[in-house]
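What follows is a set of notes on a single structure, which appears directly below.
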Protein chains: 2
Amino acid sequence: MKYEDFKKQVAISKHDFYRDIFAENRKSIRIKKEKTVVKNLERIFRAVLKISNQKGFQAMSMRELAQETGLSMGALYAYFSSKDELVEMLQKQSQAVASKIWKDQITLADDPREQLKVAVYSHLFLSEVMRPWYYFSFMEAKNLSEKERKRALEVEGASEQVLADIIERGQAAGFFTEGDARLIASLIKAMMQDWYLRRSKYVKTRVSIEKYADQVYRLLSSYLIRT
Amino acid sequence: MKYEDFKKQVAISKHDFYRDIFAENRKSIRIKKEKTVVKNLERIFRAVLKISNQKGFQAMSMRELAQETGLSMGALYAYFSSKDELVEMLQKQSQAVASKIWKDQITLADDPREQLKVAVYSHLFLSEVMRPWYYFSFMEAKNLSEKERKRALEVEGASEQVLADIIERGQAAGFFTEGDARLIASLIKAMMQDWYLRRSKYVKTRVSIEKYADQVYRLLSSYLIRT
DNA sequence: GTCTATATACGGATAGAC
DNA sequence: GTCTATCCGTATATAGAC
């Protein structure tokens with residue numbers, strides 16, 4: 001499994017991404033011309049991720065965001081009505097896109113052994129494509145509004161359940177060794193998470209995403225797959 | 001390996017912990033009576049961890065800290081000269097204590113196979129004993145001062161190197177399978193980290209620290225240990 | 001040792017000109 | 001659509017009374 005192939009295959013259209021955000025938030029966005037909105041939303045969200053991932057979302061001031069985007073504070077508030085709403089837009093759309101891509105990938109396989117492999121590789125590749133958002137999402141989760149925090153927890157729980165289900169099907173079919181599927185799923189998630197949480201370390205030690213994925217999968221299959 | 005035994009064995013004396021902080025920071029602490037200082041430092045650090053772990057260190061206001069500790073803002077500033085210094089005291093002492101305990105535990109064993117087991121179990125147990133600090137340290141690392149951030153990275157790198165060294169010795173002795181020791185150490189670290197980063201999930205699904213440690217070690221040894 | 005009151009700066013958000 | 005200027009709340013930190 002090659003990262004470059006995956007990247008081409010999913011080819012998330014940035015334009016579509018921001019157009020969808022526009023469509024979902026017509027009420028709070030005061031600007032009417034789609035072209036302008038898409039252009040500026042891209043600048044804004046790029047800057048939010050950049051600054052937040054350096055110093056945290058709370059520590060990012062609107063003045064700083066204005067500077068980084070090249071827009072004034074007044075202009076910024078034409079695209080959202082509060083800092084909370086800004087982060088809500090980002091979370092909702094990114095989460096929807098990420099979860100759709102992952103599930104689509106898994107559905108391409110049907111044998112549990114193949115599904116497990118696809119699930120691990122495609123999750124890692126996806127987190128590499130959308131790395132700034134994955135990092136942001138983890139680090140800022142606890143600072144979101146009650147509503148957003150709850151949704152983030154549900155999404156995370158659901159993705160672990162996807163892994164656990166694959167493992168259970170594999171166990172039922174006799175391919176995998178017995179054991180607590182949910183707990184094993186947690187450990188897989190932990191290893192996948194490390195790629196985006198401490199990525200600078202892997203850059204420094206020259207570990208590529210493919211090498212990382214291979215190692216995770218090898219560790220996993222030596223435990224799980226019956227021989 | 002039992003968690004309760006470990007807990008008794010290390011029995012970190014809280015009194016010693018705060019007395020050491022006092023000794024190291026005589027300059028910035030304006031209060032002279034040790035008894036008073038120890039009592040209040042304990043209140044302060046407990047409150048810092050509690051509030052920060054709920055909403056982040058930056059979002060914790062001094063007014064909030066005053067309320068939680070039962071001290072006034074004026075009184076708080078008799079124990080440190082800035083928010084940054086407060087967090088520096090906490091980091092320095094906790095890091096020293098944690099790293100000493102872990103290394104002492106590992107030295108108790110000499111066979112690499114036994115050392116690996118001790119390293120995994122004792123790190124997990126230790127992170128359970130000092131859980132609020134481990135969580136804080138990870139989540140706030142990037143918001144610390146340049147100096148503190150650098151030191152945190154070094155400590156983290158060193159602890160992964162400890163694991164990698166054990167693995168390499170085990171490989172050289174023919175006990176472990178070949179492979180990239182540093183990368184495997186990273187994956188072990190990732191799994192150990194998950195215990196304190198997403199602990200509420202494990203509480204909810206009723207996974208005990210012992211069960212978690214067993215599962216991590218089983219996964220690991222199935223890959224690493226030659227049969 | 002600890003308190004209350006306050007200096008000073010910076011935060012998010014908006015009004016109204018262009 | 002975007003800008004500048006400003007309101008107003010809250011932040012950290014300190015001064016000085018007790």
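The sequence lines fix the lettering, A, B, ..., with proteins before strands; numbering per chain opens at 1.
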Query - Separation of atom CE in A:Met60 from atom P in C:dC10, rounded to whole Å - result: 18 Å
Query raised in the report: Does a nitrogen or oxygen in the side chain of A:Tyr79 sit under 4.0 Å from OP1 or OP2 of D:dG1?
Result: no
Query raised in the report: Whole-Å distance between C:dC3 P and B:Leu65 CG?
Result: 13 Å
Query raised in the report: Touch check for A:Ser61, heavy atoms < 4.0 angstrom, all strands: base, sugar-phosphate only, or nothing?
Result: sugar-phosphate
**Report entry** Nearest-nucleotide pick for B:Thr36, side chain only, options being C:dG12, D:dG1, C:dT2
**Finding:** C:dT2
Query raised in the report: Between B:Gln105 (side chain) and B:Val118 (backbone), is there a donor-acceptor pair under 3.5 Å?
Result: no
Query raised in the report: Looking at C:dC3, D:dG1, C:dA13, which one has an atom nearest to any side-chain atom of A:Lys33?
Result: D:dG1
Query raised in the report: Between D:dA13, D:dT2, C:dG1, which one does the side chain of A:Ser72 approach most closely?
Result: D:dT2
Dump the pairs, protein N or O against N or O of nucleotides 15-17 of chain D, anything under 3.5 Å, distances to one decimal.
none

Requested in this report: Would you indicate, yes or no, if D:dA13 has its OP1 or OP2 atom less than 4.0 angstrom from a side-chain nitrogen or oxygen of B:Tyr77?
Outcome: yes
Requested in this report: Check the side chains of B:Gln95 and B:Arg151 for a donor-acceptor pair under 3.5 angstrom, ignoring hydrogens and angles.
Outcome: yes
Requested in this report: Compare the minimum distances between each of C:dG1, D:dT12, D:dT2 and the side chain of A:Ile31, then state the nucleotide with the smallest one.
Outcome: D:dT2
Requested in this report: Could you state the atom-to-atom distance from CD of B:Gln67 to C1' of D:dT10 in whole Å?
Outcome: 15 Å
Report summary line: Whole-Å distance, B:Arg63 CZ to D:dT14 C1', equals 13 Å
Report task. Grab the CZ-P distance between B:Phe80 and C:dG1 for me, whole Å please. Result -> 17 Å
**Report entry** Length of the CZ-C1' vector between B:Phe57 and D:dA11, whole Å
**Finding:** 13 Å
**Report entry** CD (A:Glu34) with more than 12 external heavy atoms under 6.0 Å
**Finding:** yes
Query raised in the report: How long is the line joining CD of A:Gln58 and C1' of D:dT10, in whole Å?
Result: 14 Å
Report summary line: Regarding the side chain of A:Met73, the nearest nucleotide among D:dA13, D:dT2, C:dG12 is C:dG12
Query raised in the report: Sequence neighbours excluded, which residues qualify as salt bridge (Lys or Arg N to Asp or Glu O under 4.0 Å) partners of A:Lys201?
Result: A:Asp194, B:Glu160
Query raised in the report: Between B:Glu128 and B:Lys7, does at least one N-O distance fall below 4.0 Å, as a salt bridge requires?
Result: no
Requested in this report: Mind running salt bridge (Lys or Arg N to Asp or Glu O under 4.0 Å) on B:Asp16 and B:Arg19 for me, showing each step along the way?
Outcome: CA-CA 5 Å; B:Asp16 287 358; B:Arg19 214 185 39 197; 3.4 Å; yes
Report task. Spell out, as yes or no, whether a donor-acceptor pair under 3.5 Å connects the side chain of A:Thr69 to the backbone of A:Ala66. Result -> yes
Query raised in the report: Expressed in angstrom and rounded to an integer, what is the separation of A:Lys83 atom NZ from D:dT10 atom C1'?
Result: 14 Å
